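Just so it is clear, the structure is predicted and the values come from calculations on it, not from any experiment. What's counted below: heavy atoms across the whole structure, side chains too, no hydrogens, waters or symmetry copies.
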Amino acid sequence: SPLRQAGTGCPRPCVALNLPTVKDLTWPGWPWLAALFAYMVALQRQGLMRTALEVCKLLLAMVLPRDPLHLLVHADILCLRAQQYELLQQLSLKLLQQHGGGGAAGFF
């Protein structure tokens, strides 16, 4: 199964994708991940930015800290188009804290 349990003691199911360490085209999670990504892009093309942003957040929660689909770029664009500026700021600050942005924190 491409899914793994992400946390213990959660009130709801907490799962994450068990991503391969190298680009393995036979990994069983690629079609599932590609379908959600295509759904997000289709929602964006229809002008449903807020819904596309929610799908993007779901995908980000499953694949971070790795980002094989470059979802962070889509999250930025979707936050701006959906006028979710506070979410964009929270996302960037949280990622800076988690991934060694100690020196960059003074930049903001």
For Leu43, check side chain to side chain contact (heavy atoms under 4.5 Å, CB included) against everything at least two apart and list the hits.
Tyr39, Leu48, Thr51, Ala52, Val55

Nearest-0.5 Å distance, CD of residue Gln44 to CD of residue Gln46:
11.0 Å

Measuring from atom CD of Gln89 to atom NZ of Lys94, what distance do you get when rounded to the nearest 0.5 angstrom?
14.5 Å

Cluster check Leu60, Trp32: I/L/V/M/F/W/Y, side chain < 4.5 angstrom:
yes

Results of side chain to side chain contact (heavy atoms under 4.5 Å, CB included) for Gln90 - residues two or more places apart only
Leu87

Does Val63 share a hydrophobic cluster with Val41, counting links as ILVMFWY side-chain heavy atoms below 4.5 Å and allowing steps through other members?
yes

Scan residues 60-76 for pairs that pass side chain to side chain donor-acceptor pair (under 3.5 Å), counting only residues two or more places apart or in two chains.
none

Sequence neighbours left out, what passes side chain to side chain donor-acceptor pair (under 3.5 Å) with Glu54? Give chain and number order.
Arg50, Lys57

Any link between Leu95 and Leu58 through a network of hydrophobic side chains (Ile, Leu, Val, Met, Phe, Trp, Tyr) touching at under 4.5 Å?
yes

Please report the interatomic distance CE(Met49) to CD1(Ile77), rounded to the nearest 0.5 Å.
9.5 Å

If hydrophobic clusters are built by linking Ile, Leu, Val, Met, Phe, Trp and Tyr wherever their side-chain heavy atoms come under 4.5 Å apart, do Leu36 and Leu53 end up in the same one?
yes

Sequence neighbours excluded, which residues qualify as side chain to side chain donor-acceptor pair (under 3.5 Å) partners of Arg81?
none

Kindly write out the residues that satisfy side chain to side chain contact (heavy atoms under 4.5 Å, CB included) with Leu69, not counting sequence neighbours, or none if the list is empty.
Leu33, Phe37, Leu71

Would you say Leu88 ends up clustered with Leu59 if hydrophobic residues are merged whenever their side chains have heavy atoms under 4.5 Å apart, either directly or through other cluster members?
no

